[in-house]
2 protein chains.
Amino acid sequence: MSAKRGLIRSGTTVDQMVRAIGDRIVTGVLRPGEKLDEVSLAARFEVSRTPVREALGQLSAMGLVERRPNRGAIVAVVTQEHLTSMFESMAELEGICARLCAERMTGSERRALETEHQASARLVRLGAEEDYEYFNTEFHSRLYRGAHSTHIQELTATTRSRLAPFRRAQFRLAGRLAKSWQEHDAIVTAILRGDGAAAGKAARDHVSIVSEASAVFAVGDQPKAATMTPVTSG
Amino acid sequence: MSAKRGLIRSGTTVDQMVRAIGDRIVTGVLRPGEKLDEVSLAARFEVSRTPVREALGQLSAMGLVERRPNRGAIVAVVTQEHLTSMFESMAELEGICARLCAERMTGSERRALETEHQASARLVRLGAEEDYEYFNTEFHSRLYRGAHSTHIQELTATTRSRLAPFRRAQFRLAGRLAKSWQEHDAIVTAILRGDGAAAGKAARDHVSIVSEASAVFAVGDQPKAATMTPVTSG
DNA sequence: CGAGAGGCAATTGCATGCACTTTTTGCCTT
DNA sequence: AAGGCAAAAAGTGCATGCAATTGCCTCTCG
């Protein structure tokens, strides 16, 4: 019976469900406001309702889903105000990370940051949005790690994942790719010369601009869409 | 059956369990590293294991408990490094809140802040630690609310609750009461004159000092038993 | 024709039971 | 006597079943 869920990854069934459902929320497969029916989810993942319920509870604790007692769970729908607040927090958190990076990054971390950053310049010239998005994520992850503060890293990561559904298509905006790189450049430069204040400000500004870019896609009233793709996973 | 759990408050059983267990962790009744046996907890609260399990899952998602697959749950035990990181984050978060307060607090919020702050001065003169602790909590809550940013409020509140078990007895330290008030005073003054930078710095410093004061009680290796406590309280 | 009450279907909430994993204890071997 | 192995005991993980709440539909009365 251990072969049964070779489909999904390791860990307990509940963990798998948390990841599976959480991924689908973060990646936008499940959209804000969409109803999360326990029996459907259980059937879809071929488990009983119990682990599904536990997973929904944990996701609720993480803020990704909203649970109304006796009335089921839905993908968390954030108000425009809360969304703004999350971007604001993100800007502050990234600012802190950047400042701490400037103060604390080791030599090899600094070198790796600059190397990767310079490498990504090529993708901008090519207009390779998909690939740049990967580098972008990696760039920000480096910033979080470079702060050498596990808890700030946690806060930043969770906030970032909660924002993920709303920042998706940002690079499709005209010129956003090049602008993003320039903003990264300002952050890297400040970090490399150890200027914490400047790095912090550059990072805050960077997120603020992303925030504005994403505001275009801000929602609150997504179509309920019965899309609900077939899981696959693996 | 609704009378059955009149002991605890309303909401679903799971919610009650989350609050009940969470409270016991935050208030130090359950100590870091302590084993959380599902059947014992279920018996203790007169519910079945199911809601207990769900509650433990949610508390795990909140970071208050740690779950080892197939090996039970324990109250989250933080390393010295992580503890430092949390205090650091707390300092930064409070700094942000204070800065935003200076920029955004409404007139009535400012007045209320100052009034309450001045009122608490009396408690310092009396050396009323218990009562001052209440005002202290209220003071910080005002700072979080005054930032007018729901998400920063969330981050701050959860971080604060995770730190609670480690900051308990701070006011018992000689002179800490008066020092705390003076630090609050610096924050209030800066906020009232709208100096965001100064307010942020004052708040950061305040938490940093609390951090040092709490470091006395910091542990990473609590004995499993009920020894080791300057913490008393409860 | 509209509004309210009652009942029915659907869904959530919790308890119980069984399977599997880990840990402990006791016996056997060296 | 000490170490290791095995079997049992304890405890977690998940499935299933029943009770209770919600939402909807219908039927009735104004």
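Because only heavy atoms are used, hydrogens play no part in the values below, and waters and symmetry mates are left out as well, while side chains stay in. A note on names: the letters A, B, ... follow the listed sequences, proteins ahead of strands, and every chain is numbered from 1. The shown structure was predicted, so the numbers you read here are calculated from the model rather than taken from an experiment.
Atom CD of A:E46 and atom C1' of D:dC14 are 15 Å apart (whole Å). Atom pair B:N70:CG and C:dA19:C1' shows a separation of 11 Å (rounding to whole Å applied). Computed from coordinates, the B:E38 CD to D:dC14 C1' distance equals 12 Å when rounded to whole Å. If you take CG of A:D37 and P of C:dT11, they are 6 Å apart, rounded to a whole angstrom. Rounded to a whole Å, the CZ atom of B:R53 is 10 Å from the C1' atom of D:dG11. Note: CD1 (A:I74) to C1' (D:dG23) measures 16 Å, nearest angstrom. Atom NZ of B:K35 and atom C1' of D:dA10 are 9 Å apart (whole Å). Whole-Å rounding puts the B:L56 CG to D:dC14 P distance at 14 Å.
Here B:T50 does not reach the OP1 or OP2 of C:dC14: none of its side-chain N or O atoms lies under 4.0 Å away. Distances shorter than 4.0 Å separate some side-chain N or O of B:T13 from OP1 or OP2 on C:dC14.
Remark: the A:T12 side chain and the D:dT12 base include no donor-acceptor N/O pair separated by less than 3.5 Å. With hydrogens and angles left out, the side chain of A:R71 and the base of C:dG13 share no donor-acceptor pair within 3.5 Å. For B:R49 against D:dG13, a side-chain N or O and a base N or O form a donor-acceptor pair under 3.5 Å.
Residue whose closest nucleotide on DNA chain D sits further toward the 5' end, between B:V39 and A:P69: B:V39.
With C:dT22, C:dT12, D:dC14 as the candidates, the nucleotide lying closest to the side chain of A:V14 is D:dC14.
Counting only distance, with no hydrogens or angles, the side chain of A:E34 and the backbone of A:R31 share a donor-acceptor pair below 3.5 Å.
Using the six-membered ring where Trp is involved, B:H151 and A:H82 have ring planes that are tilted, between 30° and 60° apart.
A side chain to side chain contact (heavy atoms under 4.5 Å, CB included) with B:I21 is found for one member of B:V26, B:L30, B:L64 and no other, namely B:L30.
When all heavy atoms of B:L155 and B:T158 are compared, the closest pair comes out as O-OG1, 3.1 Å.
Between B:R67 and A:E54 there is a salt bridge, with a side-chain nitrogen of the basic residue lying less than 4.0 Å from a carboxylate oxygen of the acidic one.
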